[in-house]
Amino acid sequence: MLPPVAPPAAVVVFTNTGVKAFIDITMSFLRRRKGVDSSKSSNFVGSKIEDGDEKKKLFESPGKDGYSSQKSSCWDSCCWFIGFVCSMWWLLLLLYNTMPASIPQYVTEVITGPLTDSPGVKLRKEGLTVNHPVVFVPGIVTGGLELWEGHQCAEGLFRKRLWGGTFGELYKRPLCWAQHMSLDNETGLDPPGIRVRPVSGLVAADYFAAGYFVWAVLIANLAQIGYEEKTMYMAAYDWRLSFQNTEVRDQTLSRMKSNIELMVATNGGKKVVVIPHSMGVLYFLHFMKWVEAPAPMGGGGGSDWCAKHIKAVMNIGGPFLGVPKSVSGLFSVEARDIAVARAFAPGFLDKDVFGLQTFQHLMRITRTWDSTMSMIPKGGDTIWGGLDWSPEGESFNCGAKRLKNNTINNMVQNANINLADNVKSVNYGRIISFGKDVAEAHSSKIKRVDFQDAVNSVKLPNSTTNCDIWIEYHEIGNHRIKAVADYKVYTAGSILDLLHFVAPKLMARGGAHFSHGIADDLDDPKYQHYKYWSNPLETKLPNAPDMEIYSMYGVGIPTERAYVYKLNSGTDCSIPFQIDTSAEGGSEDSCLKGGVFSADGDETVPVLSAGFMCAKGWRGKTRFNPSGIRTYIREYSHAPPANLLEGRGTQSGAHVDIMGNFALIEDVLRVAAGATGKELGGDHVYSDIFKWAARINLQL
């Protein structure tokens, strides 16, 4: 039986080289423990090097009588300890890979009780079998990328993975890796002499790294009801590029169109079930407009292509309206976890460590990836809230404990606890605030200085010309950086102006490929341009009344919604802004922790972004959904694993771990086998998404 989840540790299969290394290390360890005669040690040293006190010091430690090899230095002890730990780890891995598979399963069942059937096994017993072909659309960073052409420093890496897998080249030659993972800062395409391309096939995104599944568990469960590679297709693409540029450079959209048509034709005319995840949701939204648009801008499939080829689109963790985390990523290359690490070791990641200035390199690389612009919050203050209001109203109870029991009743109870305990209002509309007092004060009490005056001012000389790593902040000038902080507060409506100021090259390129507003008139010919196709507020769904759209996402996890910032007191070459991790809410249940305001979501995408379109924007016949495609919301309340043996759990609501959620997998398998949303039970909601959606005044 295929395992429903990957083991908690990476499964390492011993090769001949691995066994030899294990034996060599073990024998070396035993010899060291046995010890040697001091006279022999002296002869050994003398046989290897010339006599001389300075050279003997390289091999011997000082003692009372000069130099004695009997005493171990601190360095020797560290080596002994590391060797012992590695030897024991290799021994355990060897035992794990040589013992019968039934033994670990037996131990697990003794501790946790009998294992439940995986969704595939359960549904196969019910008689469900392969029906509609399935298309997977991976999200950002989860798809593998391999090298096809590179510079001299990348010699020997032809068709080796630069992204995904072991990430070995990141450690071996980091500067070379960074150079090849970057795109051209002017065109957003390949730099001269470099070609990095997406890995093809199901292996492109089944595992992100060894033992860390993305699509593997879902694929395994589909296989258990009869699916195989001819009925499954991974629509891999280069997630760094803007969506339209994946077609310009790689013809990815055309290949997706051809593969879907082939799958429908070779499976008796049965329409496909498309399963996008994360940014793949926006990518497929773009595809549905591209495939019906006339050539050369579009695929020329005609206005009925989606109606003929797609049964359902089951969006998992979809950032339909963007994610605030993308703002902090572009602004300071930070998120909650990175900010905490930065506070724990102040200045370390900004310094030149082993020839690397980590944050500066990361910013320089990611700002060449135009796809990141697709996830900037869309809809402005209308959707995300303004200076003194936000749709969520009250805060999510970030201190509520997540129950580990698997029953639906307990999940409902858990959700009710979260809602009932909301006691303090938080204004999530202020996505960036400079200072905790600014984040909490009424807008009438905030004194702001418009940074646009600094934009139009003359650039003053800056002291960053000698910085080793160039980033755009080095060209702004210190007085302009201060002006950004003096503006105090940025909402979704002013974030774009801020990013145009601090990341002009990225925004200039990305502005030609993405838009983040709300359409006044969707019949305006300008909305036929591809820059609007991935924004659900500026485009129409296809004319496919029999198609279904699902929004499936986790709830019950504190998710980044807004940030408290401060000016960085580091060197002129540092990134000038950073999250203020000293900003705390003052209570265990507060949603302000470490400078980050959290709301309900899946740890990456807030509920507001994942659920609004299916709750209101596309619900029924609207100007965004003129044919009345049926929409469903399927929420999965997060329950962490009960113990380490469960790995990442079978009921997780986290953004990536949800791909192993048994309830979600069962929903996907039932739809692929022919069920409708009504047969699944319609909406399945724990959050207040319908209440929040009702507070948003959007013309439908």
Side-chain angles (χ1 to χ4, degrees), residues 315 317-324 377-400 402 408-409 411-431 491-492 518 536-537 549-562 589-592 597-625 630-638 653 677 681-700:
N315 302 289
F320 287 105
L321 302 179
V323 288
K378 304 176 179 70
D381 294 359
T382 300
I383 299 295
W384 294 92
L387 289 175
D388 293 313
W389 83 280
S390 59
E392 295 94 332
E394 60 282 334
S395 69
F396 171 67
N397 186 353
C398 297
R402 307 287 160 244
I408 293 295
N409 290 334
M411 287 194 289
V412 173
Q413 177 189 359
N414 189 30
N416 289 337
I417 289 173
N418 295 339
L419 297 177
D421 288 350
N422 288 330
V423 292
K424 184 178 179 181
S425 177
V426 175
N427 183 8
Y428 292 114
R430 304 176 188 185
I431 294 179
T491 65
I518 300 175
L537 300 174
I549 294 180
Y550 298 78
S551 186
M552 313 167 77
Y553 53 89
V555 297
I557 308 179
T559 302
E560 296 173 43
R561 180 66 168 81
D589 293 341
S590 172
C591 280
L592 173 59
F597 284 100
S598 298
D600 196 4
D602 69 359
E603 206 170 33
T604 296
V605 183
V607 167
L608 183 66
S609 178
F612 174 79
M613 292 309 297
C614 283
K616 183 174 182 176
W618 290 333
R619 185 58 58 114
K621 284 190 176 183
T622 69
R623 66 190 184 108
F624 306 107
N625 181 17
R630 293 181 298 280
T631 63
Y632 300 97
I633 293 179
R634 305 288 292 180
E635 293 184 345
Y636 305 88
S637 185
H638 175 67
D683 296 323
H684 192 250
V685 177
Y686 296 109
S687 73
D688 274 347
I689 181 59
F690 285 105
K691 182 170 73 173
W692 299 337
R695 292 173 177 169
I696 295 175
N697 184 21
L698 179 68
Q699 178 190 351
L700 298 177

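For the single chain, residues carry numbers from 1 onward in sequence order.
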**Student:** Less than 4.5 Å apart, any side-chain heavy atom of V605 and any of Y553?
**Tutor:** no

**Student:** Could you measure the distance from the CG atom of N315 to the CE atom of M613? Nearest 0.5 Å is fine.
**Tutor:**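 Nearest 0.5 Å value for the CG-CE distance: 11.0 Å.
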
**Student:** Taking only residues two or more places apart in sequence or in another chain, which ones pass side chain to side chain contact (heavy atoms under 4.5 Å, CB included) with K691?
**Tutor:** E394, D688, R695

**Student:** Hey, does F612 have a side-chain heavy atom less than 4.5 Å from the side chain of P536?
**Tutor:** no

**Student:** Test of understanding: with side chain to side chain contact (heavy atoms under 4.5 Å, CB included), list the residues that count as partners of E603, not counting sequence neighbours.
**Tutor:**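 With neighbours one apart ignored, the set is I557, A654.
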
**Student:** Could you work out, with salt bridge (charged side-chain N to carboxylate O under 4.0 Å, His left out) as the rule, every residue matching D381, not counting sequence neighbours?
**Tutor:** none

**Student:** Tell me, please, which residues at least two apart from A562 pass side chain to side chain contact (heavy atoms under 4.5 Å, CB included).
**Tutor:**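 Scan of A562 (side chain to side chain contact (heavy atoms under 4.5 Å, CB included), adjacent residues dropped) gives F597.
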
**Student:** Is there a donor-acceptor contact under 3.5 Å from the side chain of R623 to the main chain of G617?
**Tutor:**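 Absent.
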
**Student:** Kindly write out the residues that satisfy side chain to side chain contact (heavy atoms under 4.5 Å, CB included) with T631, not counting sequence neighbours, or none if the list is empty.
**Tutor:** I549, C614, W618, R619

**Student:** Taking the side chain as every heavy atom from C-beta outward, state whether R561 and C591 have any pair of such atoms under 4.5 Å apart.
**Tutor:** no

**Student:** State, yes or no, whether a side-chain contact exists between V323 and E560 at a heavy-atom distance under 4.5 Å.
**Tutor:**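 No, every pair of side-chain atoms sits at 4.5 Å or beyond.
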
**Student:** Taking the side chain as C-beta and beyond, is there a heavy-atom pair between W384 and L321 under 4.5 Å?
**Tutor:** yes

**Student:** The criterion is side-chain hydrogen bond (donor to acceptor under 3.5 Å, both in side chains); which residues satisfy it with D602, sequence neighbours excluded?
**Tutor:**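 Testing D602 for side-chain hydrogen bond (donor to acceptor under 3.5 Å, both in side chains), a comparison that skips the adjacent residues, returns H655.
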
**Student:** Going by heavy atoms in the side chains, are R430 and D388 under 4.5 Å from each other?
**Tutor:** yes

